Amino acid sequence: MIIVLFGFKKCGKTYYGRLLAKRMHFTFIDTDRLIEDLYFREEGYKITCRQIHQDLGESAFRAYEQKVISEIKHKKNAVISVGGGAVLHENNLLALGRIGTLVYLKASKETIEKRILSDELPSYLNPHEPEQSFERMYRDREPKYVQVKAREVEIDNKKDDEVLKELEEIIKQTREINHGAK
């Protein structure tokens, strides 16, 4: 049983992923950390995903991302947190859909904007016009996230326990469906 959490940066994928994995006694996997580890193995020094994206560009970053996604396909009982752009690329989306149940952690535009703009800006936002850059990114990604065949969990105005119970229910339902199919 694998659950794959996706959504905008700062929507809680890693936060809820860790909590859910601990609760369910699953392994927690953050693909951003795997990308950094892969880069270190290949290049011999550590840098962040942000630096990889800035220094090497979008296509090189996505190649690393695709590689780590293909490496996790045989995991069992895991909660996987993927970067915000992972499901926007068809190869990644198809691979992740084969790996496990996709869950869109959905937050309001205002919540995401406040969280993103109050921290170090991601490399895909223009530091000279962060609000406008955020707006363009949001308008581009949000409809694509909604189109992904996935379960959706709203996080706004919910306590952690409420979000986790919804995620646990998705796991329970998925297990029942998978068990019934055998």
Side-chain angles (χ1 to χ4, degrees), residues 1-38 49 62 64-116 122 137-182:
M1 166 88 251
I2 293 181
I3 191 162
V4 179
L5 303 178
F6 74 94
F8 285 97
K9 182 175 187 68
K10 301 289 186 178
C11 72
K13 300 177 300 273
T14 299
Y15 177 75
Y16 289 116
R18 284 185 199 282
L19 292 174
L20 181 63
K22 185 176 181 180
R23 241 188 212 204
M24 300 299 296
H25 306 288
F26 280 14
T27 301
F28 175 70
I29 299 168
D30 183 333
T31 59
D32 283 351
R33 296 302 74 76
L34 294 180
I35 290 167
E36 292 170 358
D37 292 346
L38 176 61
C49 280
R62 296 299 166 200
Y64 276 106
E65 186 173 62
Q66 197 167 358
K67 223 182 239 188
V68 301
I69 289 171
S70 72
E71 290 175 0
I72 58 178
K73 65 183 171 193
H74 299 295
K75 297 289 183 184
K76 302 283 185 239
N77 295 327
V79 177
I80 300 171
S81 166
V82 298
V87 299
L88 303 178
H89 300 273
E90 192 171 346
N91 291 340
N92 290 342
L93 181 57
L94 292 171
L96 290 166
R98 286 190 295 269
I99 290 170
T101 301
L102 297 170
V103 178
Y104 174 24
L105 287 184
K106 187 172 183 176
S108 70
K109 177 181 166 187
E110 295 76 25
T111 297
I112 297 301
E113 183 173 26
K114 181 180 174 186
R115 290 178 180 180
I116 288 177
M137 180 273 304
Y138 187 86
R139 275 196 322 261
D140 177 57
R141 287 187 178 187
E142 202 276 334
K144 293 173 183 175
Y145 286 159
V146 172
Q147 289 177 351
V148 172
K149 187 177 179 188
R151 302 292 299 269
E152 207 172 276
V153 174
E154 296 265 350
I155 65 161
D156 280 335
N157 304 313
K158 289 184 182 169
K159 292 182 167 97
D160 290 351
D161 199 51
E162 293 173 294
V163 172
L164 292 169
K165 283 184 178 167
E166 284 187 51
L167 292 168
E168 287 172 329
E169 184 61 27
I170 290 170
I171 290 172
K172 180 183 172 207
Q173 291 170 359
T174 303
R175 280 184 173 155
E176 288 171 0
I177 290 167
N178 291 343
H179 186 67
K182 291 182 180 180

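Only a predicted model underlies this, so the values are computations on that prediction, with no experimental measurement involved. Starting from 1, each residue takes its place in the sequence as its number.
Contact detail for Met1 and Thr101: the closest heavy-atom pair is CE-OG1, 3.9 Å. Minimum heavy-atom separation, Lys75 to Ala78: CB-CB, 4.5 Å. Residues Pro143 and Tyr138 share a closest heavy-atom pair of CD-O, 4.1 Å. In plain terms, the two heavy atoms of Ala107 and Ile112 that are nearest each other are CB-CD1, 3.6 Å.
Ile29 contributes atom CD1, which lies 11.5 Å from atom CG of Leu5 (distance to the nearest 0.5 angstrom). For the atom pair Lys10 NZ and Thr111 OG1, the distance stands at 13.5 Å (nearest 0.5 Å). In this structure, CG on Asp32 lies 14.0 Å from OH on Tyr64, to the nearest 0.5 angstrom. If you take CZ on Arg151 and CG on Leu102, they are separated by 11.5 Å, rounding to the nearest 0.5 Å. To the nearest 0.5 Å, atoms CG (Leu105) and CG (Leu167) are separated by 6.0 Å. Distance check, rounded to the nearest 0.5 Å: OH of Tyr15 to CG of Leu164 gives 8.0 Å.
When the shell of 6.0 Å around CG of Asn157 is examined, it contains 12 or fewer heavy atoms from other residues, nucleotides or ligands. Within a 6.0 Å radius of NZ in Lys158, other residues, nucleotides and ligands contribute more than 12 heavy atoms.
The side-chain heavy atoms of Tyr104 and Val146, taken from C-beta on, include a pair separated by under 4.5 Å. Counting heavy atoms from C-beta on, the side chains of Lys67 and Leu38 come closer than 4.5 Å. The closest side-chain heavy-atom distance from Phe26 to Leu20 is not below 4.5 Å. At least one side-chain heavy atom of Phe8 sits under 4.5 Å from a side-chain heavy atom of Met137.
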Please report the C-alpha distance between Leu34 and Glu71 in whole Å, then the side-chain angles of each, then the deciding distance to 0.1 Å, and finally whether the side chain to side chain contact (heavy atoms under 4.5 Å, CB included) criterion is met.
-> CA-CA 10 Å; Leu34 294 180; Glu71 290 175 0; 5.9 Å; no
Between Glu36 and Cys49, is a side chain to side chain contact (heavy atoms under 4.5 Å, CB included) present by the stated rule, with each step listed?
-> CA-CA 6 Å; Glu36 292 170 358; Cys49 280; 3.8 Å; yes
Side chain to side chain contact (heavy atoms under 4.5 Å, CB included) between Val79 and Tyr16: does it pass, once the steps are laid out?
-> CA-CA 9 Å; Val79 177; Tyr16 289 116; over 6 Å; no
Verdict with reasoning, Glu142 to Lys109, per salt bridge (charged side-chain N to carboxylate O under 4.0 Å, His left out) = CA-CA 9 Å; Glu142 202 276 334; Lys109 177 181 166 187; over 6 Å; no
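Ionic pairing of Lys165 and Asp161 is present here: one or more N-O contacts between side-chain nitrogen and carboxylate oxygen are shorter than 4.0 angstrom.
In this structure, the side chain of Lys13 engages the main chain of Gly7 through a donor-acceptor pair within 3.5 Å. In this structure, Thr31 contributes its side chain and Ser81 its backbone to a donor-acceptor pair below 3.5 Å.
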Distance-only criterion, 3.5 Å: show the donor-acceptor pairs between side-chain atoms of residues 87-99 and protein atoms not counting sequence neighbours.
unit_1	atom_1	unit_2	atom_2	d
His89	NE2	Arg62	NE	3.2
Asn92	ND2	Glu65	OE1	3.1
Asn92	ND2	Ala86	O	3.3

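Partners of Lys9 under the salt bridge (Lys or Arg N to Asp or Glu O under 4.0 Å) rule, at least two apart in sequence or in another chain, do not exist in this structure.
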